[in-house]
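Each ligand, and each atom within it, is numbered from 1 in the order the structure gives. What you see is a predicted model; the values in this text were computed from it and never measured.
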Amino acid sequence: MTNGHILGIETSCDETAAAVVRAGEQVLSNVVASQIATHWPYGGVVPELASREHLRAIVPVVRRALEEAGQSYHSVDAIAVTQGPGLAGALLVGVSYAKALAFALDKPLIAVNHLEGHIHAVLLEERQRGNREIGFPVLALVVSGGHTHLYLAEQRERGWTYENVGQTRDDAAGEAFDKVAKLLALGYPGGPVIDELSKHGSTDAVNFPPAHIKGRSRPGRSRRRVGADTPGMTFDFSYSGIKTAVLRYTETHNMQAAIEQRRRALAAMKSPKADDVLKLCDRQTLDLVASFQRAMVADLVGKTLHAAGELDAATLFVTGGVAANSELRQAFEREAAGAGLPVYFPSRPLSTDNAAMIAAAAYPKFLAGDFAGPELSAEASLPLK
Ligand code: KG4
Ligand code: ZN
């Protein structure tokens, strides 16, 4: 029996990442090449540039991950890669490279869903801490730049199963952070800078009404029909309204000139940090940002805990880039404790995109012999099941 050393490769969005993880729980290396500097001037990810940067970075990033793990191309037991969801051209780079590597080395190839990866980032670190007593079902909130999805997750004999019980109807939560940062000229990505700036503003200065989701939820397959006994209530999310409300606020409060001034000042800087942005923000902007973040956090926490109660979840996972948000973590910890529900997050480096989570999610598939064939293709809208 091997030790289950899996080389994970992740290229779904704007990070080229490779990692070696042993037995789904010991991270031997975790290399992430960020493309933030490439996309920064555009205030968001430019898909064509992302593919080009992945092509440039993939070989050195994989080589470094193997070196740091004390492994070689030949010593790893399997190669795992993100199949989707994500940007088609970006995914293609990782999938083609992983397929070529697996074929040339005659190693098993394992296809991993990116969202499953985010969920396994939590499991990986809980196992590292010696926590093997996770109660089921787990309700996992995957909250990132591309997703705000709720899954009921269970471990079965031949691996994990996931049931989608809620999702955003329009923008993802991370997308709302990024778009609000862009329209206020705070830089990219928006989440980390808004997280920092919010500490300096008043959270109740601007009132954002909660998003109303029309219609009942889609029929669920779970033991209790999703939201069936609460007409009009669903576990879906919606964040395009709050982004528009922020824009409206800047227009009705004559903030445009100050925003343009900040945009020019930041464009002249090499790679501005949150502190540089802070110096360019007046009280009105800081209050707006802090109130926006508070409203986002209240909505994410409120809807997730409501779903957890309705679905009798035993454990809560909060994962994905937005799970790095400090106010979100505090609010979840406080509210989940109040509801008597254990809540787990990945550490901050494993909250945002990385390949350790891909290698960890691949391990149960490795044990089950669930391998991909040479026909494996990248799937931009791959659902998690
Ligand atoms: O998981 P991730 O790295 O990539 C995707 O799969 O999308 O998530 C990136 C998203 C971005 O929208 C970014 O603004 C957000 O996560 N993010 C945060 C924080 N750190 C990253 N959002 C709020 N607070 C943060 N501290
Ligand atoms: Zn992600």
Residue Gly145 vicinity, atoms of ligand 1 by number, heavy atom under 4.0 Å: 5 (C), 7 (O), 8 (O), 9 (C), 10 (C), 12 (O)
Ring geometry between Trp160 and Tyr162 (parallel below 30°, tilted from 30 to 60°, perpendicular above 60°): parallel
Angle between ring planes, Phe345 versus Phe332, binned at 30° and 60°: parallel, tilted or perpendicular? perpendicular
Which ligand 1 atoms, with their elements, are less than 4.0 angstrom from a heavy-atom of Pro189? 14 (O)
Side chains of Gln256 and Thr250: is there a donor and an acceptor less than 3.5 Å apart? yes
Go through ligand 1 atom by atom and flag the ones less than 4.0 Å from a non-hydrogen atom of Gly174. 12 (O)
To the nearest 0.1 Å, how far is atom 24 (N) of ligand 1 from its closest protein heavy atom, and which atom is that? Asn325 ND2, 3.0 Å
Tell me, which protein residue and heavy-atom name are nearest atom 18 (C) of ligand 1, and how many Å apart are they? Gly191 CA, 3.4 Å
Would you say that Glu15 contacts Gln35 through its side chain, given a criterion of any heavy-atom pair below 4.5 Å between the two side chains? no
the protein heavy atom lying closest to atom 8 (O) of ligand 1 turns out to be Gly321 CA, 3.3 Å
Can you see whether Asn325 engages Gln293 through a side-chain donor-acceptor pair at a distance of less than 3.5 angstrom? yes
Heavy-atom distances under 4.0 Å decide this one: backbone, side chain, both or neither, for His118 against ligand 1? side chain
For the pair Arg283 and Asp287, find out whether any cationic side-chain nitrogen is under 4.0 Å from an anionic carboxylate oxygen. yes
Residue pair Ser326 / Asp195, side-chain donor-acceptor N/O under 3.5 Å: yes
With heavy atoms only and a cut-off of under 4.0 Å, state how Asp195 meets ligand 1: side chain, backbone, both or neither. side chain
Under the side chain to side chain contact (heavy atoms under 4.5 Å, CB included) test, which residues partner Ala98, sequence neighbours left out? Ile9, Ile79, Val81, Leu109
Distance under 4.0 Å to a non-hydrogen atom of Gly146: what atoms of ligand 1 satisfy this? 7 (O)
Looking at ligand 1, is there an atom of it that comes within less than 4.0 Å of some heavy atom belonging to His114? yes
Side chains of Arg329 and Ser351: do they bring a donor and an acceptor to under 3.5 Å? yes
Pick from Asp353, Val322, Thr82: the one approaching atom 3 (O) of ligand 1 most closely through a non-hydrogen atom: Asp353
Taken by chain and residue number, the protein N/O/S atoms under 2.8 Å from the Zn ion (ligand 2) read His114 NE2, His118 NE2, Asp353 OD1
Partners meeting salt bridge (charged side-chain N to carboxylate O under 4.0 Å, His left out) with Glu379 (sequence neighbours left out): none
If we number the atoms of ligand 1 from 1 as shown, the ones under 4.0 Å from a heavy atom of Thr352 are 3 (O)
Grouping ILVMFWY residues whenever side-chain heavy atoms fall under 4.5 Å, the cluster of Leu92 otherwise contains none
Quick note on ligand 1: atoms under 4.0 Å from a heavy atom of Asp178 include exactly 11 (C), 12 (O), 13 (C), 14 (O)
So, do Phe177 and Phe292 have ring centers that fall under 6.0 Å from each other? yes
